[in-house]
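The next block holds one structure in the form of structure tokens; read it before the comments.
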Amino acid sequence: MSSRVCPAKSSNKATAHNKWFQFVPGLRPSTRPPSAAAEPGVMWQAQPISKIQLQIELRYYDMNSFKEGETEYYLVKFQDEDLKNKDIRYIEFDSCSFINCDLSESTFEKCKFIDCLFDKCNLSLVKINYSRFLDVSFTNSKVIGVDWAKATWSNICPSSPITFRKCIINDSSFFGLELPEIIIEECKAHDVDFREGSFRKGQFNYSDLTRSTFNNTNLTSASFLEASNYDIDINFNNVKKARFTRYEATRLLENLDIELVD
């Protein structure tokens, strides 16, 4: 039976183990290629595509340090990294994860983040000048004082390329952005600027929106279930078909110059 040699991913990208491996047509799924030595932290997966071709995908779980001079990272896990005050430019991060990293006050200029995860990270006061985000998730992280309007966003955006869950995003700005279906759930979102933006079908559930500003904001079909402390003037914002928890929805009437009686 003949065999072929194939790279896991473009060989000019930095990965946990940047190597070539051999596969044999007809190999059963989840079987390690016979030429590959067993290595801790590496999982081999094989899935037949046709009689003469296989797609073999590598998933690495080893920690990889940030390396000066690299321009592309693929499937790299950065853990416990101190990247505070770093000046990072023109780098693409594809399918990478950042776990418990300090990126505060760093500058990401003209970088690209694709299918990345930030968990338990400090991204306070990061600058994201002209950087691009696609399918990027932030969980359990501090993302304070970030001006998201400084990033470069696609003109065609069927759904928000960024999501926040259980994060602190105080003093951040989404001014003028169109991010439909954005998810900001269980977050502390004090003093956040949502003015002039479009967040239709967004999810703000369980978030604390104290002193956050909404003006000329499209919140069509957005969900604010169990959200608290929001101040949304229904005269100057589109809340058509938006969902609110009943007892908190009374806040929507505060700007109507009416008196509520128990």
Side-chain angles (χ1 to χ4, degrees), residues 83-89 98 102-113 116 118 121-220 222-224 227-234 236-239 242 251 255:
L83 299 173
K84 185 175 181 179
N85 286 311
K86 287 283 187 180
D87 189 8
I88 301 170
R89 300 170 183 264
F98 297 79
D102 185 359
L103 300 124
S104 58
E105 301 182 60
S106 290
T107 296
F108 291 94
E109 184 160 336
K110 295 186 178 179
C111 293
K112 185 180 292 186
F113 297 87
C116 291
F118 292 84
C121 291
N122 185 358
L123 296 108
S124 298
L125 301 177
V126 297
K127 297 179 179 64
I128 52 174
N129 303 336
Y130 307 105
S131 290
R132 295 179 180 270
F133 297 83
L134 179 63
D135 294 331
V136 177
S137 298
F138 300 87
T139 60
N140 304 294
S141 296
K142 292 182 179 179
V143 197
I144 299 172
V146 178
D147 187 354
W148 293 97
K150 296 293 187 181
T152 298
W153 304 97
S154 171
N155 292 329
I156 302 175
C157 188
S159 61
S160 174
I162 53 176
T163 63
F164 303 88
R165 291 184 171 89
K166 298 183 178 180
C167 291
I168 302 175
I169 62 171
N170 297 347
D171 301 300
S172 294
S173 176
F174 296 88
F175 180 86
L177 294 180
E178 184 168 349
L179 298 173
E181 300 182 17
I182 190 171
I183 296 176
I184 302 178
E185 289 193 330
E186 297 184 71
C187 291
K188 186 176 181 180
H190 294 187
D191 302 287
V192 177
D193 190 351
F194 294 103
R195 293 174 300 157
E196 304 292 334
S198 178
F199 310 103
R200 60 188 184 278
K201 296 185 179 180
Q203 298 182 43
F204 300 85
N205 304 327
Y206 296 94
S207 289
D208 180 356
L209 296 158
T210 299
R211 294 186 303 279
S212 288
T213 53
F214 298 84
N215 187 62
N216 197 27
T217 306
N218 185 356
L219 298 169
T220 304
S223 178
F224 289 83
S228 60
N229 300 318
Y230 47 80
D231 183 11
I232 302 173
D233 190 335
I234 61 177
F236 298 102
N237 296 282
N238 188 348
V239 294
R251 302 181 64 87
N255 295 299

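Keep in mind the model is a prediction, meaning the values are calculated, not measured.
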Item to check | Spacing of CG belonging to L123 relative to NZ belonging to K142, to within rounding of 0.5 Å | outcome: 11.5 Å
Item to check | Interatomic spacing from CD1 in I128 to CD1 in I162 - rounded to 0.5 Å | outcome: 7.0 Å
Checklist entry - Between I169 and A189, which heavy-atom pair has the shortest distance, and what is it? => result CG1-CB, 3.7 Å
Next on the checklist: Has S198 got a side-chain atom pairing as donor or acceptor with E178's backbone, closer than 3.5 angstrom?
Outcome noted: no
Checklist entry - About how many Å separate SG of C167 and CD of E186, when rounded to the nearest 0.5 Å? => result 10.5 Å
Checklist outcome for this item: Minimal heavy-atom distance between S212 and V192, with the atoms involved, is OG-N, 3.0 Å
Next on the checklist: Give me the atom names and distance for the closest heavy-atom approach of A222 to F204.
Outcome noted: CB-CE1, 4.3 Å
Checklist entry - Will you find, in the side chains of S104 and S124, an N or O donor that is under 3.5 Å from an N or O acceptor? => result no
Checklist entry - Which residues pass the side-chain hydrogen bond (donor to acceptor under 3.5 Å, both in side chains) test with S106, sequence neighbours left out? => result none
Item to check | N238 side chain vs T220 backbone, donor-acceptor pair below 3.5 Å | outcome: no
Checklist entry - Is there a donor-acceptor contact under 3.5 Å from the side chain of S173 to the main chain of F175? => result yes
Checklist entry - Between S131 and A151, what is the shortest heavy-atom contact and its length? => result O-CB, 3.3 Å
Checklist entry - Heavy atoms, side chains only, cut-off 4.5 Å: are P180 and K201 in contact? => result no
Checklist entry - How long is the span from the OH atom in Y230 to the CG atom in D208, to the nearest 0.5 Å? => result 12.0 Å
Next on the checklist: Using a 3.5 Å distance criterion without hydrogens, assess whether the side chain of S172 forms a donor-acceptor pair with backbone atoms of V146.
Outcome noted: yes
Item to check | Side chain S141, main chain F138, donor-acceptor under 3.5 Å | outcome: no
Checklist entry - Got a donor-acceptor contact below 3.5 angstrom from the N237 side chain to the F214 backbone? => result yes
Checklist entry - Mind checking whether F108 and F113 have parallel, tilted or perpendicular rings, split at 30° and 60°? => result perpendicular
Checklist entry - Is the side chain of S207 donor-acceptor paired with the backbone N or O of C187 at a distance under 3.5 Å, no angle test? => result yes
Item to check | Heavy-atom check, side chain of E196 versus side chain of N215, under 4.5 Å | outcome: yes
Next on the checklist: On a heavy-atom basis, which atom in I88 and which in C111 lie closest, and how many Å separate them?
Outcome noted: O-SG, 3.4 Å
Next on the checklist: Quick one, R165 and I183 - any side-chain contact, counting heavy atoms below 4.5 Å?
Outcome noted: yes
Item to check | Distance in Å, E105 CD paired with L125 CG, rounded so as to fall on 0.5 Å steps | outcome: 5.5 Å
Next on the checklist: Tell me whether W153 contacts the main-chain N or O of P161 through its side chain, where contact means a donor paired with an acceptor under 3.5 Å.
Outcome noted: no
Item to check | Stepwise side chain to side chain contact (heavy atoms under 4.5 Å, CB included) check, V239 with F224 | outcome: CA-CA 11 Å; V239 294; F224 289 83; over 6 Å; no
Checklist entry - What are the two closest heavy atoms between N170 and K188, and how far apart are they? => result OD1-O, 2.9 Å
Checklist outcome for this item: Contacts of F199 meeting ring-ring contact (aromatic ring centres under 6.0 Å, His included) (sequence neighbours excluded), chain-then-number -> F194
Checklist entry - Among T163, N205, T139, whose side-chain hydrogen bond (donor to acceptor under 3.5 Å, both in side chains) with E185 holds? => result N205
Item to check | Option from F133, W148, Y206, F118 for which ring pair (Phe, Tyr, Trp, His ring centres under 6.0 Å) with F164 holds | outcome: W148
Checklist entry - What's the spacing between T217 OG1 and D193 CG if we round to 0.5 Å? => result 8.0 Å
